[in-house]
Amino acid sequence: MGKLKRQKSKTKSRTPKGMETAVIIPDIQVGYYDYSIEPTIVDLQPIHDEKAISIGLAVISDLQPELIVMNGDNLDFEEVGKYDKSKAYERMLQPAIDRMAEFLRQLREAAPSARIVWIEGNHEKRLQRYLNERAPALVGIRKGRVSGEGRAKYPVISVSELCRVEDFDVEYLVGYPASRFSINKNLYVIHGDKVNSSGSTAGKYLPSISQSVIYGHIHRMELSMVTRVTEQGSRTVMAASFGTWCRTDGAVPSVKGGQDEDGRPVLQGVENWQQGIGIITYEPHGVGHEWFYPELMWIIDGRAVFRGKE
């Protein structure tokens with residue numbers, strides 16, 4: 001028997017041309033609760049995870065992406081939600097708004113040239129719903145206009161104005177659950193309104209989509225694909241969620257969370273949530289086939305490894 005001839009590979013690696021990088025920031029749920037039980041002492045504890053935020057900012061600074069998409073629920077807004085509120089979460093709106101404005105400053109500092117898009121989620125929507133129900137006369141009120149000036153872009157009591165999105169050149173997309181952002185013709189980002197608590201939420205998106213979708217809302221990391229046969233040939237679409245940057249130990253008010261006699265959260269890690277970041281390498285609109293390639297970075301207990309760096 002003769003020797004098998006070894007076939008040489010003709011595939012060569014190269015830096016992709018015309019491609020850009022996007023970072024997807026999942027639900028941050030910025031907010032606080034008061035851990036102190038003494039009436040004269042305030043002990044603010046975050047329900048977002050500062051370590052996850054720090055890691056995310058470091059990755060963004062390292063990658064210098066062309067695009068950053070915050071896919072909603074970046075503020076928790078517990079006090080203006082419709083669910084039961086405990087004393088520990090009272091008067092926490094201002095600290096949360098302050099931290100979110102500071103985060104936008106940090107984000108812009110980390111990526112000075114990036115386009116930053118913030119998609120409204122159901123938690124940001126809580127503020128508008130609260131005004132509609134409790135103070136409709138204040139809906140749409142803007143700062144006073146003086147001679148020679150145009151009308152203020154955003155209402156005074158709005159996420160855009162309170163978090164100073166204009167100061168940091170952040171685009172805020174209102175209109176949950178309809179608001180969406182297209183990365184290219186094959187991939188778009190939404191906050192999402194589907195949940196499958198006992199299984200994969202991706203399975204709720206895949207049967208009905210013709211484009212790939214990145215969604216939030218569920219605080220879990222998922223990536224699933226399906227290939228369909230069409231008249232134009234086979235087509236594969238993806239549904240993906242990149243987790244959360246909030247705490248996963250019970251600090252965030254939820255249906256699975258518990259509270260002690262003083263209204264403070266019981267921290268027992270009851271959530272099936274994961275922390276992570278999404279990185280998309282993509283061909284922008286008008287370039288090639290507008291392909292994209294997703295990467296998931298998992299954050300575990302304040303640590304992460306991405307592309308050989310910790």
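Residue numbers start at 1 and run along the sequence shown.
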*Starting from the C-alpha separation in whole Å, work towards a yes-or-no answer on side chain to side chain contact (heavy atoms under 4.5 Å, CB included) for T21 and I280.*
CA-CA 6 Å; T21 301; I280 309 294; over 6 Å; no
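- Of the possible polar contacts, none joining the R180 side chain to the V189 backbone as a donor-acceptor pair under 3.5 Å is found.
- No donor-acceptor pair under 3.5 Å is formed between the side chain of N184 and the backbone N or O of P284.
- The closest donor-acceptor contact from the side chain of K204 to the backbone of N196 lies at 3.5 Å or more, if one exists at all.
- Judged by distance alone, the side chain of E290 and the main-chain N or O of N186 form no donor-acceptor pair under 3.5 Å.
- Linking Ile, Leu, Val, Met, Phe, Trp and Tyr residues whenever their side-chain heavy atoms come within less than 4.5 Å places I53 and M70 in a single cluster.
- Residues V30 and I25 are members of one and the same hydrophobic cluster, defined by side-chain heavy-atom contacts under 4.5 angstrom among Ile, Leu, Val, Met, Phe, Trp and Tyr.
- No more than 12 heavy atoms of other residues, nucleotides or ligands sit less than 6.0 Å from atom CZ of R91.
- The aromatic rings of H289 and W291 sit parallel to each other, their planes meeting at less than 30°, with 60° as the upper class boundary.
- Hydrophobic clustering places L107 together with F306 (ILVMFWY residues linked when any side-chain heavy atoms are closer than 4.5 Å, directly or through intermediates).
- At least one donor-acceptor pair under 3.5 Å links the side chain of S241 to the backbone N or O of R220.
- In the displayed structure, R164 atom CZ is contacted under 6.0 Å by at most 12 heavy atoms of other residues, nucleotides or ligands.
- Between F103 and H48, the gap from one ring centroid to the other reaches at least 6.0 Å.
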*Just do the side chain to side chain contact (heavy atoms under 4.5 Å, CB included) check on Y205 and I214 with the steps written out, would you?*
CA-CA 10 Å; Y205 285 100; I214 295 168; over 6 Å; no
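- In this structure, Y215 contributes its side chain and A202 its backbone to a donor-acceptor pair below 3.5 Å.
- The stretch residues 292-305 participates, sequence neighbours left out, in these side chain to side chain donor-acceptor pair (under 3.5 Å) pairs: E295-R307, R303-E310.
- Ion pair D262/K87 not flagged as a salt bridge, since none of the NZ, NE, NH1 or NH2 atoms sits closer than 4.0 Å to an Asp/Glu carboxylate oxygen.
- Between R247 and E271 there is no salt bridge, since no side-chain nitrogen of the basic residue lies less than 4.0 Å from a carboxylate oxygen of the acidic one.
- The ring pair (Phe, Tyr, Trp, His ring centres under 6.0 Å) contacts involving residues 150-177 comprise W118-Y172, Y176-H191, where partners must be two or more places apart or lie in separate chains.
- Between the side chain of E120 and the backbone N or O of S179 there is no donor-acceptor pair closer than 3.5 Å.
- A cation-pi geometry, defined here as NZ or CZ lying under 6.0 Å from the six-membered ring centre and within 45° of its normal, does not hold between R126 and F77.
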